[in-house]
Amino acid sequence: FSAVSASPHTIRRRSCEFMLISFNRTHGTVEHGFPHQPSALAFDPKLQLMAIGTKSGAIKVYGAPGVEFTGLHRDTSAVTQIVFLPGQGRLLSLLDDNTIHLWELVKRSVLLTLPPFSPPPPPILLPSATRVTVLLLLRSCDLLCIGTEGGGVYFLELPSLTLKDNQTLPDDYRCGKSLGPVESLQEHPQQSGKVLIGYSRGLVVLWDLSARQADQLFLGKQQLESLVWERSASLFVSSHNDGGYSVWPVTSGNTYSHQPASSTIPYGPFPCKAINKILWRTTQTGSPVLLYSGGMPRASYGDRHCLTIQKDKDHVTLDFTSRVIDFFTVHSIEQDKEFDDPSALVVLLEEELVVIDLQTPGWPSLPTPYLAPLHSSAITCSCHISSVPPKLWERLANAGKSWPICGGKNLAPPPKQQELLLTGHEDGTVRFWDASGVALTPLYKLSTANVFHTDCDPSDDSQDPSNDPDMQQEEEWPPFRKVGCFDPYSDDPRLGIQKISLCKYSNKLVVAGTAGQVIVLGLSDERSDHLVDVSVVDLLQDREGFTWKGHDRLEPRLKPAPFPPGFQPLVLVQCLPPASVTAVALHAEWNLIAFGTSHGFGLFDYHRRNAVCTLHPNDSLAMEGPLSRVKSLKKSLRQSFRRIRKSRVSGKKRTISTPTSKVQEANAALAEQEEVAPVQRRIEPRSADDSLSGVVRCLCFADTFLRDSTHHGPTLWAGTNSGSVYAYALEVPGIGSGRACERGGASESSVCVEAVLGKEIQLMHRAPVVSICVLDGRGKPLPDPYEAAQDLAIAPEMTNAHSVLIASEEQLKVFSLPKVSAKTKFKLTAHEGCRVRKVALVVFSSTAQEDYSEHTLVCLTNLGDMHLFNIPGLRPQVRYDCIRKEDISGIASCVFTKNGQGFYLISPSEYERFSLSAKVLTEPLCSVQLDRPLDPTPAR
């Protein structure tokens, strides 16, 4: 299915791919997360579908997990109201530019190609030039009531959206000066054709549409906010701006009602804020459920975002961290049922969606299978894991309760593999998301805060005012309960997660943070109370003359701390100075981690709990011996001759301008241009004295040839911001003859890992190194740790020469190993005028041949486009426009999958998922059973 848009001007059909950003006709995108800046909410009780409108003009429809539709208005005006046509798969949207649009779901086959747009007819003009305040769709679904700011009520016929003649209220009941704007329209639940009209100044009219007269008037004294009918229509409830609500009986023969049956200000007697919306739901137990938003005492809790649930003596005030946009209940709508019996409350907040279970005592919240707030704490980094092993998946996934919004049917086949998206956050948490399908479902949350003593330590009970008995007595009313997980304020910014690395086969996880902390964690099914081992690694090794002026390190706990089942910390490595960690690498088969900051990088053996080596990139290295790489004589001579030629032609010895000197100046300019190919841009080399030159940008472990061409072994590669690449040969106990052995035996327990600096490469122009990858004898990337040993990947080719692919911000270059001589390169900045921001090696599978695939290098540039190259030849394959070049945060947040997809943040709360592969696509595939024909509505 796809969405169809209709407006008062013309009906426009657009396929789902057309509304979403796409690279081309085959590579679509899908959005994950919570819609940015939501502004409207609606629910179809027949189809069990929920719609959310945003301030950017988008409409997103959700049903059961996997059932999603997306539409986008032509103009980026905010959606202020949404109304479903129950059971029809249609909805109406009101925008803040005072236009009304009709949307409907149709067969996708109708919309494979876009029909031409017909010229729009003249717009509909309402009799009164006033803004629309409220919409009401009658149960017959053929008439739309429109309340306006001027107090008038008008009617549109559906689905043609034509203004109905002779169907307006008399002037006595639409005088804006005396009655105010129309605040609420509610149809009589038992008698169709009768509408309750509420005016801002307090008057409520029960209007008979067929007789065109008022059956009853209710004269309220307070400014009106909202109305709701009781199911039997024996009464209705009005909420007001003084924080109170009134119950009005509806009886025949009583034309005027001056006083309500009851009037209550639940959080009085002091001045309270308005109750913006109220719902009254009947139950079989006799006591109704009353739900309303707002009403808090102005002086004490006027800044709280609250929604109250009341039933008999049970009273809970849900306290949210963001503003309440709208809410509804999931309840019985069958006419033969006597009671509403609500089962769930759905609350749309500015930053998240909260669902409350109204059938379980205590009214607990339900976990959401989609629309989870990715930005509950600001996202600081992300990591994608493909083909998650079933054992790990079962230990992470938890069975949740049934989801109350269950409309439609997900037709997508089960995923061929399970995928994880890990997000690091500012509050020190790492969240695990199921990224296997359309919905991004939360699986597990890991917190690292309990490893440290923080500025706002949650375990410090002496500082908690809630432990004071006097304070508890004062805070008993209102009965607040914190609900929701959106919490943008971090207790300590030093907890922020900067880098994540997960080994899916050994269940080892490494997270690194803002204050130089690197934590190694292991997966456990049992709760544990233990003390975390701490190792301090000084990257500067007490260098004289250096003073750290940044934040202090986080203080680790000195006593055993409780850790819930899941990933539990094994060892904490604290870097000094405590600068933010800029790169991290994990090799679980060797029990090694590497980490880098702006002051150098280190290697740590977490099995033996000891640091192997540290290096500051600005150190002058003694690169002597058979492992050193010196500049070639040919290259040195070439550069020397260029400098001599340049000095001859560009010397400023002449001061008198003559024709001869002008010719020489022209020749000098031509001579300078000869050094750069005609199709290339001139690139200026960067200063070696840059203060950021020491930042370690990337780290890489590899089993390859570094010492000579006959013996391979463990190596560590590090790239810096100044274009330097360092390669270390590692001596790992138990690793020999090119094969990994089991570690931990008694014979090797006392043997330490050793590292010997083997190679140093300095790139031209000192461009920052973005990525390093070692290729085997076939030109393929080396498999991940444990993959080859467990026959999960083809073993690397170790007979032919290896090579290393180094990607800098300016160029891609392949060097042969172990000689480290350049084989091929592609100057991206010189040819395309852009700089590399992200690099990944992905596998593209053929759609025609099942067993054929290719490894490809994907580059994301600062212009937001994707460049694909074959490896190891580095021949350009194709280029795609992906992210807007102005979207700097989107480019910085991009992460690639191994099968040709990727994620990037289109807002603080939403990931957009794209596919570069014609075979691997993630898109909604679902159906909805409608109460109407599937043919699209004809244009007027």
Side-chain angles (χ1 to χ4, degrees), residues 381 383 385 422 424 428 430 446 448 451 497-523 532-539 553-554 556 567-576 578-615 617 696-703 713-720 726-735 740 743-744 751-755 771-774 782 784-787:
C381 64
C383 172
I385 308 297
L422 279 61
V430 178
L446 163 70
T448 62
V451 179
I497 305 298
Q498 297 298 322
K499 297 295 176 181
I500 304 172
S501 181
L502 171 66
C503 177
K504 58 189 177 184
Y505 302 112
S506 64
N507 300 333
K508 291 294 189 296
L509 174 68
V510 176
V511 295
T514 305
Q517 70 272 27
V518 182
I519 307 174
V520 183
L521 305 102
L523 188 61
V532 179
D533 293 337
V534 180
S535 294
V536 178
V537 177
D538 187 356
L539 297 178
R553 55 179 277 192
L554 286 163
F567 282 98
Q568 297 173 352
L570 303 176
V571 60
L572 164 64
V573 181
Q574 179 62 57
C575 300
L576 293 181
S580 179
V581 178
T582 56
V584 73
L586 165 67
H587 201 294
E589 203 168 1
W590 302 338
N591 292 335
L592 294 176
I593 59 170
F595 44 86
T597 71
S598 57
H599 296 88
F601 58 89
L603 179 64
F604 187 82
D605 182 348
Y606 61 84
H607 177 68
R608 294 172 179 80
R609 307 291 200 266
N610 72 293
V612 179
C613 68
T614 61
L615 174 74
V696 178
R697 292 288 295 269
C698 58
L699 293 163
C700 170
F701 286 107
D703 183 0
T715 61
L716 170 65
W717 299 73
T720 72
Y726 303 95
Y728 279 81
L730 307 180
E731 293 289 345
V732 180
I735 306 299
R743 300 183 58 194
V751 182
C752 296
V753 178
E754 296 180 0
S771 174
I772 302 172
C773 180
V774 175
L782 299 181
D784 290 336
Y786 288 112
E787 276 192 335

(request) Please examine the side chains of V510 and L502, heavy atoms only from C-beta on, and report whether any two atoms are closer than 4.5 Å. (result) no
(request) Mark yes or no for whether E589, through its side chain, and P785, through its backbone, hold a donor-acceptor pair below 3.5 Å. (result) no
(message) If you define the side chain from C-beta out and look only at heavy atoms, does anything of L603 sit under 4.5 Å from L730?
(response) yes
(message) Any non-hydrogen side-chain atom of Y726 less than 4.5 Å from a side-chain atom of F601?
(response) yes
(message) Donor-acceptor check, side chain of T582 to backbone of V696, threshold 3.5 angstrom: yes or no?
(response) yes
(message) Just so I know, are the side chains of Y606 and I593 near enough to count as touching, which here means a heavy-atom distance under 4.5 Å?
(response) yes
(request) Kindly indicate whether the side chain of V753, heavy atoms from C-beta on, has any atom under 4.5 Å from the side chain of H607. (result) no
(message) A side-chain contact here means heavy atoms from C-beta on lying under 4.5 Å apart; do L570 and D533 qualify?
(response) no
(message) Taking A515's backbone N and O only, do any of them form a donor-acceptor pair with Q517's side chain (distance below 3.5 Å, no angle check)?
(response) yes
(message) Students often mix this up, so state it plainly: with edges at 30° and 60°, are the rings of W590 and F701 parallel, tilted or perpendicular?
(response) perpendicular
(request) For the pair T514 (side chain) and S580 (backbone), establish whether a donor and an acceptor sit closer than 3.5 Å, ignoring hydrogens and angles. (result) no
(message) Quick check: closest heavy atoms across L699 and G596, and the distance to 0.1 Å?
(response) CD1-N, 3.7 Å
(message) Give me the atom names and distance for the closest heavy-atom approach of S535 to V571.
(response) OG-CG2, 4.4 Å
(message) If we check side-chain contact (heavy atoms from CB on, under 4.5 Å) with V573, which of these qualifies: I519, V581, V537?
(response) V537
(request) For the pair R608 (side chain) and D605 (backbone), establish whether a donor and an acceptor sit closer than 3.5 Å, ignoring hydrogens and angles. (result) no
